[in-house]
Chemist: 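First the structure, then my questions, so here it is.
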Amino acid sequence: MALAFCGDEGNSTAYNVDHGVLNNGCFVDALNVVPHVFLLFITFPILFIGWGSQSSKVHIHHSTWLHFPGHNLRWILTFILLFVLVCEIAEGIVSDGVSESRHLHLYMPAGMAFLAAITSVVYYHNIETSNFPKLLIALLFYWTLAFITKTIKFVKFCDNGVGFSQLRFCLTGLLVVLYGMLLAVEINVIRVRRYVFFKTPKEVKPPEDLQDLGVRFLQPFVNLLSKGTYWWMNTFIKTAHKKPIDLKTIGKLPIAMRALTNYIRLNEAFEAQKNKRPSSPQGSGSIWRALCCAFGRPLLLSSTFRILADLLGFAGPLCISGIVHNVGKGNNTIRPQTKILGVFFISSQEFLSNAYVLAVLLFFALLLQRTFLQASYYVAIETGINLRGAIQTKIYNKIMQLSTSNMSMGEMTAGQICNLVAIDTNQLMWFFFLCPNLWAMPVQIIVGVLLLYYLLGISALIGAAVIIVLAPVQYFVATKLSQAQRSTLEYSNERLKKTNEMLRGIKLLKLYAWEHIFHSSVEETRQKEMTSLKSFALYTSISSKSFSFFIHYSVNGQLSSCNSVFPFSVQKLSEFLSSDEIEEHDKCPELRSADAQSKYQAVVSNNITNGFFTWTPEGPPALSNIDIRIPQGQLTMIVGQVGCGKSSLLLAILGEMQKISGNISWSRYDHLMQEGILKMLREDKRTVVLVTHKLQYLPHADWIIAMKDGYIQREGTLKDIQKSETELFEHWKTLMNRQDQELEKETTIETKTVLERTNLRRTMYSREALLKDDEEDEEEATESDDEDNLSSVLHQRAKMPWRLLKHTVMVAIDYCLARWTSDAISEKMEVELKNCSHCEVRDILTLNFMISTLILCCLGIVLCLVTSIAVEWTGLKVTKKLHASLLNKIILAPMRFFETTPLGSILNRFSADCNTIDQHIPATLECLSRSTLLCVSALAVISYVTPMFLIALVPLAIMCYFIQKYFRVASRDLQQLDDSTQLPLLSHFSETVEGLTTIRAFRYEAKFRQKLLEYTDSNNIASLFLTAANRWLEVRMEYIGACVVLIAAVTSITNCLYSKLSSGLVGLGLTYALMVSNYLNWMVRNLADMEIQLGAVKRIHGLLKTEAENYEGLLCKGEIQIQNLSVRYDSNLKPVLKHVNAHISPGQKIGICGRTGSGKSSFSLAFFRMVDTFEGRIIIDGIDIAKLPLQTLRSRLSIILQDPILFSGTIRFNLDPEKKCTDSMLWEALEIAQLKHVVKALPGGLDAIVTEGGENFSQGQRQLFCLARAFVRKTSIFIMDEATASIDMATENILQKVVMTAFADRTVVTIAHRVHTILNADLVIVMKRGLILEYDKPEVLLEQEDSVFASFVQADK
């Protein structure tokens, strides 16, 4: 066939210029080539030769400037221009296909224009990033020439009667408009930047973010193409493959994405809602409106992208339908009848009748659809991350203003606040991600039903009716799913709360042998959680296997019920934001602007007049009729019995309690230091308020406030009280002894030195623990066999035979439908050609196909449901076993494990890691196996339909391999970074809640808020990079999938036209090709997710290797023999007890004393085998305790620790968790502990509520409850480890008498911090540096002049 620019058909039409040169179509087309050749020749030397010298003069941080006016519009117009030019090329080729010779002028100018358009945008990008706008003059000339030449062509078409019915006319008109708009954009750049016809160009500085070398997240600053394809991430992904990603690598957030910026935006929206609706400023509706106001605009943009993507998604089925229809007719395009200017013109209908054209359009539609879809995902997730940071900051600011009563009265716990931060803010973030799905789904349904009606007729309405009928069922299932999810969350929170309490009080549990009680409690809650998880799995399986309006599959593979989770989270947020705050008028006015004060400054009142204070607005006053004054620059001491309100008074002074009435006047004073109070007072003249039980310090006080039952009993100097309150003074005098100041100074200094040494030792322990953890991590990394064994247990849930059968049935259904379609088309064509009827045969075939398809569909539905349920429940069975093994190992682990392993690390295994194994790994593994099988089956079907496809598959497979290889490395690092940056954030929230009173007293709110912003930004930047990396992968996989579709379409069409492949199989192959990109995406994403999530299994497996104490397996008299005992805390540490020998007879009362670090507490722990006994032995009642089961040993001993530990529940549970005692026994114990009147005053008595950690009782009352708990246990040996440190001296004396009388028949070992409390003991042991220094009766030791014990007693007077 002849080939010429203007064609060679043996006539002179193409070269005829009788009516003027411009009336010759070929000449006009040749004229249109000129601008493109001009641009190519002008720009190439600048791009490849002169660019280096120009760019070297420019100093920019990033090549990402977006400061030329009309930047986004230019890129959008260029993309449209490229698409129109491709259509012009295709139109020229198709219309030229009916000619006798080839007319190059129909498509070669368009090809040149295509190259010029690409060159123009590359040229523009380089000029823009180098900030050298003068070179844009070349583009100004190009757009002008292109606009003029294309306008000439359009005018000549009009002159020759070419109209809208011809596609080439429409394309030419579009090109005129596009070139004109691009010319206008260029002129606007000249006008704004003033760089060509103006003497002084406008100076433009780069954005502030780009001047900061630490900002490396460039998505907001790059050009539109890089934004859509995440091209800027290429360098980052490659770098991640070479070295691990850390916080330094990802840098800082851009200003617009920082938590502070978004918090200000959100807070302004909240304030606007508060002004509009003062009645419910923090209600759920107001929160929703504030969120929409602050973050609704990007969400609207995301929804727009999503709707456009969904509409473009229908192009796939329509193009495939057109291809099947056209190839069924042999792809015979209607021969064009219009011939103007010597060439044929075709209409758009004729253009779309070509199967190859439809294949190319399908390819471009897929590219655009996938780009819009990923853009929608990114904008939604970015908005959600910004929202999360803003809400976390708002929650933190609320915490800073939170009333102390919310914590102490149990209305809010640290765990609940951490859940609000960790879970609910993430739920809100994912809701924003899923919002576009909710709004786009009605569009999908409506358009889908309309298209089905267009293609299938009345059958589509029947399908729509089925959907409508099933809607209530789906709503019911979604409601049940919501309830199951909510109950799962509640049980999970309850389990974590119990686990947290168990871990915090593990020392007490082991000492009291109560492990089995708390183990059973946690397991009981876990069983309820597993029941909810099974229900959740069941409803998830039902929902995911049917068409659902309400359930969506989120990016991390977890099904979420948005219409239920979001209101639940917003409701919790609303309740929190509506909780009580400390009263602003109770604060010092100076503090509102006192951020510049010294770091040691705080606030205290000079005096309180007629003050009444309460913890809750509805509750009775905790402090009544308070009239006190605190002299400035002097030492004021507050004294009184346990529970009288001393600490409450101090909190009231600090503004932490709610004031009912009274007047408070303020002044400023400096921070109360912990050591050297008297020295500080003398030197710095500071005002000091000291709450103390140590009455021996009262002579040093300048002012004394005595309290009783929430009232001020008396205030004044010690002399004033001696004169006016003789009885009170005499009572104090009997309790306190004078103390030599010099000896006190020496004791204080020595104690401080020992404390520093102890802290150093603890620091070394922590450092050793961290090093040990690192070594264990390295060991676990090498122990792949164990991990593989554990992973194989998880893979039981895969059930490959069932999956293969299910996917085989699904492919069989599609194949049956394809054959049915193909046979129907063939039969129809045969009937049309032969003009005869074969209705009877056709009806039989139709019936057979219908029955076969119906049977296969029913079988597929059953297999999907059964497989899904079986897989989910198998996974839950594995997770249940794993959690039970973990709980058993942890609760039986030796105490050294808990001393060297951070509590948060252990708790994370039960919370985050168990949650990952419970919900994420099953979903991810399910999705991974499903997407892998679907991808393989899709490629197999395509290869069966067109074997030539396998040739093109090889390079695509290589590309996929390298993409996923690079992505998995970056994704793993970013996911770990996301997790590791979340832990400090949650810890900061927890620490702030626990130390809230101290932070407010020191006025450190600003410093802690700044730290919060840093932690939030670090977590958000990691999340944003992870999101960008996911989009980077998905865009590339989607584009590869589009290439797969294009190759499959071209090869299928060719095979059908030349090898007589049936049109039904062509449709089947293309349908599967459309799904390949999704399957590839999910396969790689889930592979990366599974790699990360199996880390949870690995970490739990590491804890399962912990060696347990020996609990397998009678002590009743209380005789103790200690023979050459030497103990240490770890085999790598020095001994803390050395060759100790002692003998304690049954019923004896033993007192142990010594300075800090002498080994007193270690001595007591040795009885419980809580330390490593490497030499010697302890014999109790003739039995070596090393040979006794721990459960037996510890159940026969009782101990009271210095730190009081209470558990959430009731008073009855805290006293007798084993439920062995009667009420009378419990009341007797409370009476002995001086708590009977307190408990009787509480609602419920023994069943009164104890909040988490016992926060609704004072420190001293908690210690007394621990004493009562020990009294309840009828054991022969009773140990008190400085158990009265938090109790006033009067109560302590009473308890000491009770111990000596009520426990006359028991062996009592008392470790004393006040030596006078053991003066009545039968024997006294004085210890120093792990050795027994003195061992005798107290009266014998006191008679010895050089006795250390005697010096202690003398110093305590």
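Because only heavy atoms are used, hydrogens play no part in the values below, and waters and symmetry mates are left out as well, while side chains stay in. The first residue in the sequence is number 1, and the count goes up from there. Everything numeric in this text was worked out from a predicted model, so none of it was measured.
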Chemist: If you look at every heavy atom in Phe1352 and Cys1153, which pair is closest and at what distance?
Modeler: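 For Phe1352 and Cys1153, the tightest heavy-atom pair comes out as CD1-SG, 4.0 Å.
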Chemist: With a 4.5 Å heavy-atom cut-off, do Val689 and Ile630 have their side chains touching?
Modeler: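 A side-chain contact exists here, since the closest heavy-atom pair is under 4.5 Å.
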Chemist: Keeping Asp627 on the side-chain end and Asn610 on the backbone end, is there a donor-acceptor pair under 3.5 Å?
Modeler: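 Yes: the side chain of Asp627 pairs with the backbone of Asn610.
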Chemist: With Lys398, which residues qualify under salt bridge (Lys or Arg N to Asp or Glu O under 4.0 Å), at least two apart?
Modeler: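 Once residues adjacent in sequence are excluded, the partners of Lys398 under the salt bridge (Lys or Arg N to Asp or Glu O under 4.0 Å) criterion are Glu581.
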Chemist: I'd like to check Asn397 versus Asn267 (side-chain heavy atoms, cut-off strictly below 4.5 Å). Are they in contact?
Modeler: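 A side-chain contact is absent here, since even the closest heavy-atom pair is not under 4.5 Å.
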Chemist: When rounded to the nearest 0.5 angstrom, what distance separates OH in Tyr396 from CD in Gln401?
Modeler: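 Going from the OH atom of Tyr396 to the CD atom of Gln401 covers 12.5 Å.
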Chemist: Taking all heavy atoms of Leu635 and all of His700, pick out the closest pair and write down the distance.
Modeler: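 That closest heavy-atom pairing would be CD2-O, 3.6 Å.
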Chemist: Got a donor-acceptor contact below 3.5 angstrom from the His988 side chain to the Arg1009 backbone?
Modeler: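 No: the side chain of His988 does not pair with the backbone of Arg1009.
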Chemist: Phe1271 versus Glu1228: any side-chain heavy-atom pair under 4.5 Å?
Modeler: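 They are not in side-chain contact.
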Chemist: I would like to know whether Phe1278 and Met1280 meet side-chain contact (heavy atoms from CB on, under 4.5 Å); could you show each step before the answer?
Modeler: CA-CA 7 Å; Phe1278 182 58; Met1280 299 175 65; 3.6 Å; yes
Chemist: May I ask you to say whether Glu1005 pairs ionically with Lys1007, meaning some side-chain N is under 4.0 Å from a carboxylate O?
Modeler: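 Result for this pair is no, no salt bridge flagged.
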Chemist: Roughly how far, to the nearest 0.5 Å, is CG of Leu266 from CD1 of Ile391?
Modeler: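 The CG atom of Leu266 is 6.5 Å from CD1 of Ile391, to the nearest 0.5 Å.
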Chemist: Given 3.5 Å as the limit, does a donor-acceptor pair link the side chain of Asn1214 with the main chain of Phe1207, or not?
Modeler: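 Checked: pair present.
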Chemist: Roughly how far, to the nearest 0.5 Å, is OG1 of Thr393 from CG of Leu260?
Modeler: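 It comes to 7.5 Å.
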Chemist: CG/Leu1235 to CG/Leu1264 distance, rounded to the nearest 0.5 angstrom?
Modeler: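 If we round to the nearest 0.5 Å, Leu1235:CG and Leu1264:CG are 4.5 Å apart.
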Chemist: I need the minimum non-hydrogen distance between Leu1226 and Cys1221, along with the two atoms involved.
Modeler: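 Between these two residues, the closest heavy atoms are CD2-CB, 4.0 Å.
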Chemist: Looking at side-chain heavy atoms only, is the closest gap between Ile608 and Phe613 below 4.5 Å?
Modeler: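 The answer is yes; the side chains approach within 4.5 Å.
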Chemist: So do Thr717 and Asp702 actually touch side chain to side chain, heavy atoms under 4.5 Å?
Modeler: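 Not touching, per the 4.5 Å side-chain cut-off.
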Chemist: Cation-pi check, Lys394 to Phe270: give yes when NZ or CZ is under 6.0 Å from the six-membered ring centre and within 45° of the ring axis, no otherwise.
Modeler: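 Ring-cation test returns yes.
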Chemist: Any side-chain to backbone donor/acceptor pair from Arg1262 onto Phe1257? Under 3.5 Å, distance only.
Modeler: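 Judged by distance alone, yes, a pair lies under 3.5 Å.
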Chemist: Just wondering, do Leu577 and Ile287 contact through their side chains at under 4.5 Å, heavy atoms?
Modeler: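 Yes. Closest side-chain heavy atoms under 4.5 Å.
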Chemist: Check step by step if side-chain contact (heavy atoms from CB on, under 4.5 Å) holds for Ile395 and Leu573.
Modeler: CA-CA 8 Å; Ile395 290 173; Leu573 181 62; 3.9 Å; yes
Chemist: Roughly how far, to the nearest 0.5 Å, is the CD1 atom of Ile1200 from the CD1 atom of Ile1205?
Modeler: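 It is 12.5 Å, given to the nearest 0.5 Å.
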Chemist: Show the nearest heavy-atom pair for residues Leu1206 and Phe1265, with the distance to one decimal.
Modeler: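 The answer is CD2-CB, 3.9 Å.
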Chemist: Can you confirm whether Ser286 sits close enough to Lys274 that some side-chain heavy atom of one is under 4.5 Å from a side-chain heavy atom of the other?
Modeler: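 Ser286 does not reach Lys274 side chain to side chain.
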Chemist: For a 4.5 angstrom cut-off between non-hydrogen side-chain atoms, does Leu1242 reach Ile1211?
Modeler: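 Leu1242 vs Ile1211: side chains touch.
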Chemist: Ion pair present between Glu501 and Arg504, side-chain N to carboxylate O less than 4.0 angstrom?
Modeler: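 Salt bridge flag = no for Arg504 with Glu501.
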Chemist: Is the ring pair Tyr1004/Phe1008 parallel, tilted or perpendicular, if the boundaries are 30 and 60 degrees?
Modeler: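 Tyr1004 vs Phe1008 ring planes: parallel.
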Chemist: As a quick check of understanding, evaluate side-chain contact (heavy atoms from CB on, under 4.5 Å) for Val639 and Met707, giving each step before the final call.
Modeler: CA-CA 6 Å; Val639 296; Met707 298 194 67; over 6 Å; no
Chemist: Roughly how far apart are Ile626 CD1 and Leu623 CG, rounded to 0.5 Å?
Modeler: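 If we round to the nearest 0.5 Å, Ile626:CD1 and Leu623:CG are 5.0 Å apart.
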Chemist: Work out which heavy atom in Cys1266 is nearest to a heavy atom in Pro1204; give both atom names and the distance.
Modeler: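 Heavy atoms only, the tightest pair is SG-CA, 3.7 Å.
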Chemist: For Asp1223, which residues count as a salt bridge (Lys or Arg N to Asp or Glu O under 4.0 Å) partner, sequence neighbours excluded?
Modeler: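 If we apply the salt bridge (Lys or Arg N to Asp or Glu O under 4.0 Å) test to Asp1223, skipping adjacent residues, the hits are Arg1212.
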Chemist: Going through the checks in order, is the side-chain contact (heavy atoms from CB on, under 4.5 Å) test met by Ile721 and Ile704?
Modeler: CA-CA 9 Å; Ile721 295 175; Ile704 299 171; 4.0 Å; yes
Chemist: To check you understand the geometry: which heavy-atom pair defines the closest contact between Ala1312 and Lys1160, and what is its length?
Modeler: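 Closest heavy-atom pair between Ala1312 and Lys1160: O-CE, 4.3 Å.
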